[in-house]
Amino acid sequence: MAKRANSMASTITEYLVENPEITWKDAAATLEPQGISESYFSNQKSKLRKEGVLPSSGRKKTRRKNAAAKTTTTKKVAAKKPAVAGGELASAAEFARTAGGLSEARRLLDQLSEVQI
């Protein structure tokens with residue numbers, strides 16, 4: 001099987017070097033009778049592009065942004081404070097749940113601090 005796979009790879013390589021912009025739809029009539037599937041053709045074509053034998057497809061790859069880059073707000077660095085008592089922490093957690101989440105609770109507390117100034 002390895003010899004046949006190598007033969008198929010070389011057949012595809014030769015075919016693509018002669019016709020670098022050809023698609024599977026155009027190549028199917030010639031390559032299917034030789035036992036070459038569409039997925040094998042596509043994999044070989046991709047491999048040849050990565051190796052620089054064929055020109056790239058012209059599409060630009062997009063990078064995925066990580067979660068930190070997606071946020072538009074900057075995080076505030078709070079000064080270290082001593083640990084709070086269990087009751088205070090439970091009250092704060094209840095407030096955050098009631099407010100609809102931690103970010104909403106922070107927004108409300110920021111508004112409160114502006115009013116009290």
Side-chain angles (χ1 to χ4, degrees):
M1 181 65 182
K3 189 171 186 178
R4 177 166 163 73
N6 191 23
S7 170
M8 290 183 349
S10 64
T11 301
I12 293 171
T13 302
E14 291 169 8
Y15 194 76
L16 286 171
V17 167
E18 293 171 9
N19 310 297
E21 296 301 320
I22 199 158
T23 62
W24 171 250
K25 289 180 181 179
D26 300 328
T30 306
L31 299 176
E32 269 185 329
Q34 297 177 23
I36 298 173
S37 67
E38 179 180 3
S39 60
Y40 193 75
F41 174 82
S42 297
N43 288 338
Q44 284 300 120
K45 190 173 183 179
S46 175
K47 179 182 167 190
L48 293 172
R49 281 188 175 145
K50 287 178 184 173
E51 291 173 353
V53 176
L54 294 178
S56 68
S57 63
R59 292 185 300 172
K60 291 184 177 179
K61 289 187 177 182
T62 58
R63 286 186 168 178
R64 296 180 79 184
K65 293 183 179 179
N66 62 15
K70 287 182 182 178
T71 59
T72 56
T73 59
T74 58
K75 293 184 178 180
K76 295 179 182 176
V77 179
K80 286 251 180 181
K81 295 183 180 179
V84 292
E88 292 174 343
L89 188 59
S91 298
E94 181 61 32
F95 170 69
R97 272 190 233 99
T98 305
L102 195 56
S103 60
E104 187 64 21
R106 285 184 181 139
R107 187 186 67 77
L108 291 170
L109 289 171
D110 287 341
Q111 285 181 349
L112 180 62
S113 68
E114 290 174 6
V115 171
Q116 288 182 349
I117 293 177

message: To the closest 0.5 Å, what do you measure between NZ (K47) and OG1 (T13)?
response: 7.0 Å

message: Give me the atom names and distance for the closest heavy-atom approach of A105 to A96.
response: CB-CA, 3.9 Å

message: The test is side-chain contact (heavy atoms from CB on, under 4.5 Å); show your working for F41 and E32 and say whether it passes.
response: CA-CA 10 Å; F41 174 82; E32 269 185 329; over 6 Å; no

- request: Can you sort out the partners of S46 under side chain to side chain contact (heavy atoms under 4.5 Å, CB included), two or more places apart, ordered by chain and number?
  value: K50

- line: Interatomic distance, CD@E21 vs CG@D26, rounded to 0.5 Å, equals 11.0 Å

field: Check: L109 and R106 side chains under 4.5 Å, non-hydrogen atoms
entry: no

field: Inter-residue atom distance R107.CZ - L112.CG, 0.5 Å rounding
entry: 12.0 Å

message: Please determine whether side-chain contact (heavy atoms from CB on, under 4.5 Å) holds for the pair L48 and K45, giving the CA-CA distance in whole Å, both sets of side-chain angles, and the decisive distance to 0.1 Å.
response: CA-CA 5 Å; L48 293 172; K45 190 173 183 179; 5.8 Å; no

Interatomic spacing from CD in Q34 to OH in Y15 - rounded to 0.5 Å: 9.5 Å

- request: Enter the distance from I22:CD1 to L31:CG here, rounded to the nearest 0.5 Å.
  value: 8.0 Å

statement: The reported gap from OG1 in T11 to CD1 in I36 (rounded to nearest 0.5 angstrom) is 5.0 Å

- prompt: How close do G35 and M8 get, heavy atom to heavy atom, and via which atoms?
  reply: O-SD, 3.9 Å

- line: What one should report as the nearest heavy-atom pair of P33 and A28 is CD-O, 3.9 Å

field: L108 versus A99, closest heavy-atom pair with distance
entry: CD1-CB, 3.8 Å

